Amino acid sequence: MLDLAAIRADFPLLGERVGDSPLVYLDSAATSQKPQAVIDAEVSFLTRSNAAVHRGAHTLAAEATELFEDARTAVAGFVGAAPEQLVWTSGATAGLNLVAYAIGNATVGRGAPASRRFALHPGDELVVTESEHHANLIPWQELAARTGAVLRHIPVRDDGTIDTDAAASVISNRTRVVAFPHVSNVLGIVNPVAQLVALAREAGALTVLDACQSAPHLPLDLPALDVDLAVFSGHKMLGPYAIGGLYGRSEVLEALPPFLTGGSMITTVTLDEASYLPPPQRFEAGTQPVSQAIGLAAAVRYLADVDMAAVHAHERALEARMGEGLRSIPGIRLLGDAEGVERVGLWAFDVDGVHAHDVGQFLDSRGIAVRVGHHCAQPLHRRFGLTASVRASAALYNTADEVDVFLEAVSGVRAFFGAGS
Amino acid sequence: MLDLAAIRADFPLLGERVGDSPLVYLDSAATSQKPQAVIDAEVSFLTRSNAAVHRGAHTLAAEATELFEDARTAVAGFVGAAPEQLVWTSGATAGLNLVAYAIGNATVGRGAPASRRFALHPGDELVVTESEHHANLIPWQELAARTGAVLRHIPVRDDGTIDTDAAASVISNRTRVVAFPHVSNVLGIVNPVAQLVALAREAGALTVLDACQSAPHLPLDLPALDVDLAVFSGHKMLGPYAIGGLYGRSEVLEALPPFLTGGSMITTVTLDEASYLPPPQRFEAGTQPVSQAIGLAAAVRYLADVDMAAVHAHERALEARMGEGLRSIPGIRLLGDAEGVERVGLWAFDVDGVHAHDVGQFLDSRGIAVRVGHHCAQPLHRRFGLTASVRASAALYNTADEVDVFLEAVSGVRAFFGAGS
Amino acid sequence: MSGLESLYQELILDHSKRRVGFGLADEEGRSATSHQHNPLCGDEITLRLRLDPDGETVRDVTWEGNGCSISQASASMMTELVEGMPRGEASALIDGFREALRSRGTIELDEDLYLDAAALSGVSKYVARVKCAMLAWVALEDDLARA
Amino acid sequence: MSGLESLYQELILDHSKRRVGFGLADEEGRSATSHQHNPLCGDEITLRLRLDPDGETVRDVTWEGNGCSISQASASMMTELVEGMPRGEASALIDGFREALRSRGTIELDEDLYLDAAALSGVSKYVARVKCAMLAWVALEDDLARA
Ligand SMILES: Cc1ncc(COP(=O)(O)O)c(C=O)c1O
Ligand SMILES: Cc1ncc(COP(=O)(O)O)c(C=O)c1O
């Protein structure tokens with residue numbers, strides 16, 4: 001059991017009011033709130049230790065470098081990885097683009113001889129799922145368009161689960177990459193990673209996991225999941241904006257050509273060519289998000305102190321309460337209401353006869369912050385016959401009472417807008 | 001005249017000590033220190049207004065979006081631009097990679113029909129200078145390698161000025177891009193932008209300005225400089241890490257294909273393809289550096305309040321004092337000691353018989369933080385027969401007394417290491 | 001009147017259901033069609049009209065699309081308002097509407113000029129919803145420019 | 001002794017000028033050559049040695065390169081130290097050296113074992129300089145692995 005009063009006291013923003021109502025923040029899948037410890041870690045760095053890392057010889061720079069590399073160890077450890085398996089990025093979107101562009105670069109012959117294994121050839125296929133966030137879809141569309149590879153997708157069943165039967169036929173020996181979300185940001189279902197990884201491995205394809213919506217919500221051990229690459233975003237897991245992580249199996253990172261180029265990722269540079277450092281530095285061109293890395297380290301330490309298994313259990317309880325409540329309100333249709341699956345604490349739904357925007361506005365007038373729209377997952381919404389939905393998403397700091405306030409409000413929506421009357 | 005006592009009081013870190021000595025921070029060209037106002041702006045956002053921007057309909061999200069877009073207007077205004085001409089990036093390195101990759105994408109047929117003008121063809125040339133920071137060199141090397149274009153360079157004269165005579169013959173009608181620094185981070189000389197732009201225009205080439213070392217130090221009006229594109233980094237101009245700006249002439253940004261792809265930069269997305277928003281959103285995939293944008297806006301407001309002309313005058317006085325002092329110390333060789341040029345407040349130098357690292361260590365023992373090494377400009381160092389130099393770089397918060405402490409220390413270096421004895 | 005009720009006035013909820021002009025007329029004989037889309041929420045509208053042979057009077061505005069009640073009501077109110085109106089007057093109303101909607105609650109729409117659509121004044125306090133209310137008006141503006 | 005003087009002891013400054021073994025011997029008859037480079041500062045060293053015909057004793061270490069006084073002194077001291085030493089013993093010294101240098105001042109090098117190189121203990125407090133002191137030792141380790 002979490003000590004919610006103590007936890008909530010750590011998050012200054014949760015005490016805000018919206019008009020006359022206390023804020024009920026149910027938009028953590030978009031971005032989470034930050035505990036004071038994260039803010040303090042950044043401020044303390046900026047006011048006491050700030051200096052360029054990996055480049056200076058002076059005392060301040062040496063201290064800053066140490067804090068920065070300690071942060072890497074902490075964040076890598078949080079996802080079960082070794083420090084040299086963690087590349088800093090500006091977020092999950094940047095991480096997925098990094099992988100797609102690096103493969104593109106290998107395809108045109110860049111990188112060391114070991115990079116050849118990533119090169120795409122005519123007829124090669126890239127596979128995603130129908131439930132993708134645009135961040136794990138468009139970079140692959142563009143890679144396909146640049147290289148002539150074919151983009152295919154694994155369909156989602158009516159209940160929101162990934163159609164693993166179809167996956168077995170979509171993934172073939174032409175497949176070179178299988179990219180998929182650990183948890184979709186619309187459906188909340190924990191996808192069957194092991195099954196998809198097994199299919200990809202058999203096909204000899206690279207696996208890329210979008211762990212944006214799992215990293216903040218459940219114990220994560222990326223090496224144990226046996227994926228080749230994975231991404232997550234700091235701002236969704238109590239950390240700062242503008243930082244994220246790309247995890248890679250060492251063997252994969254070592255062979256991957258660079259993406260962004262510039263300072264601090266090179267060994268020798270002439271006017272004509274450059275040679276590159278090993279990972280993770282090879283992928284970290286230019287000044288890094290230093291204070292943000294330190295802030296993210298504080299975030300994962302906070303999460304680990306609370307204990308991720310407890311966080312997951314708490315959020316599951318909230319999710320169950322929310323799902324049950326929503327099912328009992330007439331005119332509500334839940335997206336991805338599969339039975340017997342593991343979930344994180346989010347539900348997206350449609351209100352019969354009331355547009356998602358209006359639902360959101362109605363809830364906002366009661367202080368309840370949810371997200372409305374396509375949540376950067378247009379294909380998935382289209383698959384369910386919608387252009388928009390309402391999404392309520394919880395984090396460790398939400399309470400059962402907040403869920404009840406939310407359910408109470410939702411139950412008044414259709415009457416207010418005169419739907420179904 | 002700046003009120004230095006008041007300014008210094010705004011920067012908490014400047015009060016730190018290194019061992020027994022007060023810190024003398026002369027490494028602002030690597031990264032600047034941040035005034036309390038910048039830290040406060042970020043903290044206030046995170047503790048009171050934090051929410052996902054451009055995506056939420058709730059009150060908090062609407063407030064956050066407004067603060068975020070106000071920040072864009074402020075930062076764009078600081079460099080003379082309109083808000084829609086400013087793209088957020090994670091820094092200058094990311095901005096330069098954006099441009100190089102977008103041109104690469106145009107070359108393989110991505111983007112709207114208007115993008116074709118950027119496509120590179122066999123025999124096309126890209127031009128940089130010999131004084132480039134690796135961030136404005138390697139992305140062009142890689143673009144050349146990917147597309148078959150040829151990378152050429154404009155040499156630097158012995159006195160550190162760009163050889164504009166040579167430029168006139170290097171830039172030809174085969175030239176498609178001319179990328180150069182407004183101010184080199186090693187030489188400190190303000191380069192003749194108008195002359196280079198005129199040559200590039202005549203050749204029909206795109207101009208890309210690296211304004212990293214000018215934006216923090218002198219009044220900057222990018223449209224008046226008439227460059228097509230320009231980049232700068234927040235952390236070098238009193239702002240947060242992990243944010244920077246890409247300025248573009250509207251016509252150029254509108255025609256440029258996207259680089260990073262993902263959420264918030266699209267109109268319609270199907271599983272097979274996506275259509276893209278106009279600039280600046282087209283180039284801003286995924287969750288943006290929201291609190292950092294707000295912090296950077298606070299930084300440029302701070303700079304504008306102090307007044308950039310006054311900042312420049314102050315730093316010129318420091319630079320002159322430093323240059324004069326260094327010239328009078330036996331065994332010191334200044335890099336880029338051209339006469340009659342405009343400069344920012346930095347000097348890189350070599351100490352005869354003492355390695356740069358040892359000089360840096362010696363200065364550090366007296367609390368003086370300088371940078372030693374190749375400063376991400378290996379080709380330029382090689383051109384001067386060096387592998388490393390010592391660089392002292394000032395910002396608005398440095399004092400003449402600090403320069404004197406620095407000079408006094410430098411004058412003791414060779415004796416300590418027994419050089420020239 | 002609470003914030004929510006001032007935003008969603010009876011009149012607005014009513015129009016969002018009545019949807020005057022809903023159902024796109026056949027293209028034949030129409031002067032212009034405009035498709036507008038709000039990429040942030042996926043709302044869209046297609047709006048079609050005819051100008052009198054003299055090219056000066058707005059006739060037979062019809063539309064189709066989906067979106068929130070604000071966007072639907074706004075399209076409905078606007079359709080009712082501009083029927084039979086000289087195009088110059090319609091253009092002036094569009095400008096005034098945009099100005100009021102962007103005013104953050106400082107400009108009220110004149111009921112004598114805007115009829116039912118004046119009820120949309122309250123939207124201007126909700127920055128995130130301004131685009132919803134504007135969608136149909138932007139489509140009309142586009143139609144007038146094309147016609 | 002100030003921090004600076006404990007880092008740059010007489011012995012170190014002296015070795016950085018004497019540079020024992022400086023000047024790379026001809027490749028002929030040598031067992032191995034290693035080139036090491038510190039990308040952060042551009043320092044580099046090329047170190048060459050010969051093993052006795054039995055392959056067990058280090059002989060004729062020579063080197064070339066440039067770098068700070070710490071790196072030059074370290075190469076010089078090491079060269080002096082390992083001349084004629086059984087390879088196993090040299091390897092053990094390299095391991096001990098690395099451990100001490102990474103100890104942040106908690107492990108002192110034993111003067112009886114490391115001779116002049118023991119003066120480099122102080123470098124371990126300066127994290128940014130540890131690589132400078134290690135460069136030659138890494139080259140030696142590499143040579144021994146290749147030889
Ligand atoms: C002239 C110049 N260009 C580019 C850069 C790269 O900036 P950043 O590392 O912030 O991306 C720097 C700073 O390191 C610089 O001084
Ligand atoms: C599943 C998923 N993938 C990717 C992203 C993109 O993350 P970011 O916007 O932080 O780059 C998000 C969040 O928006 C997400 O929920």
Side-chain angles (χ1 to χ4, degrees), chain A residues 12-13 16 18 27 30-31 33-34 39 43 46-48 50 52 55-60 90-91 93-94 97 108 110 134-135 138-139 141-142 145-146 153 233 235 241-243 260-263 266 269-271 273-274 285-287 289-292 357 360-361 364 369 371-372 376 378-379, chain B residues 12-13 16 18 27 30-31 33-34 39 43 46-48 50 52 55-60 90-91 93-94 97 108 110 134-135 138-139 141-142 145-146 153 233 235 241-243 260-263 266 269-271 273-274 285-287 289-292 357 360-361 364 369 371-372 376 378-379:
Chain A
L13 196 134
E16 289 288 302
V18 180
D27 198 15
T31 200
Q33 298 303 338
K34 331 293 173 204
I39 295 169
V43 170
L46 290 176
T47 53
R48 293 215 291 266
N50 178 49
R55 295 182 174 182
H58 54 81
T59 303
L60 211 54
S90 62
T93 301
N97 276 276
V108 295
R110 304 304 300 156
H134 296 162
I138 313 183
Q141 290 178 349
E142 287 286 333
R146 286 198 305 274
H153 69 271
S233 272
H235 71 100
Y241 285 98
I243 185 149
L260 299 181
T261 56
I266 51 84
V269 179
T270 67
L271 282 163
E273 60 179 3
T287 304
V290 181
S291 67
Q292 289 83 6
H357 260 187
Q361 195 79 55
D364 184 53
R371 172 101 182 264
V372 298
C376 299
Q378 286 184 11
Chain B
L13 196 134
E16 289 289 302
V18 180
D27 197 15
T31 199
Q33 297 304 338
K34 328 303 173 196
I39 295 168
V43 170
L46 291 175
T47 53
R48 292 215 292 266
N50 178 47
R55 295 181 173 184
H58 54 81
T59 303
L60 212 54
S90 61
T93 301
N97 277 276
V108 294
R110 304 305 299 158
H134 296 161
I138 313 183
Q141 289 177 349
E142 287 287 333
R146 285 198 306 274
H153 70 272
S233 270
H235 70 98
Y241 285 97
I243 184 147
L260 299 181
T261 57
I266 51 83
V269 180
T270 67
L271 282 165
E273 60 179 1
T287 303
V290 182
S291 66
Q292 290 82 6
H357 261 187
Q361 195 78 53
D364 185 53
R371 173 101 180 264
V372 298
C376 299
Q378 286 184 12

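Fair warning: this is a prediction, and the values are worked out from it, not measured in the lab. Within every chain, numbering begins at 1; the chains are lettered A, B, ... in the order of the sequence lines, protein sequences first and strands thereafter.
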task = Would you mind checking which part of B:Q33 comes under 4.5 Å of any heavy atom in chain A, side chain (CB onward), backbone (N, CA, C, O), both or neither?
result = both
remark   = In short, A:Y241 meets B:A52 closest at the heavy-atom pair OH-N, 4.4 Å
note = CG of A:L60 to CG of B:D27, rounded to nearest 0.5 Å, is 9.0 Å
message = Testing the basics here: between A:H134 and B:G263, what is the closest heavy-atom pair and its distance to 0.1 Å?
response = CB-N, 4.0 Å
task = Kindly indicate whether the side chain of A:T31, heavy atoms from C-beta on, has any atom under 4.5 Å from the side chain of B:V290.
result = no
query = Highest number of heavy-atom pairs under 4.5 Å with chain B: which of A:T93, A:I243, A:I138?
reply = A:I138
Nearest-0.5 Å distance, NZ of residue A:K34 to CG of residue B:N50 = 4.5 Å
Side chain, backbone, both or neither of A:R48 within contact of chain B (heavy atoms, under 4.5 Å) = both
task = Hey, could you give me the CG/CD distance between A:L271 and B:Q378, rounded to the nearest 0.5 Å?
result = 10.5 Å
key: Choice from B:V43, B:V269, B:T47 maximising heavy atom contacts with chain A below 4.5 Å   = B:V269
ask   = Looking at B:L260, B:V108, B:I39, which one has more heavy-atom pairs under 4.5 Å with chain A than the rest?
value = B:L260
key: Separation of A:S90 OG from B:Q292 CD (nearest 0.5 Å)   = 10.0 Å
Spatial distance of atom CD (A:Q141) from atom OG1 (B:T270) [nearest 0.5 Å] = 6.0 Å
key: Within-4.5 Å side-chain heavy-atom neighbours: B:L13 and A:L46   = no
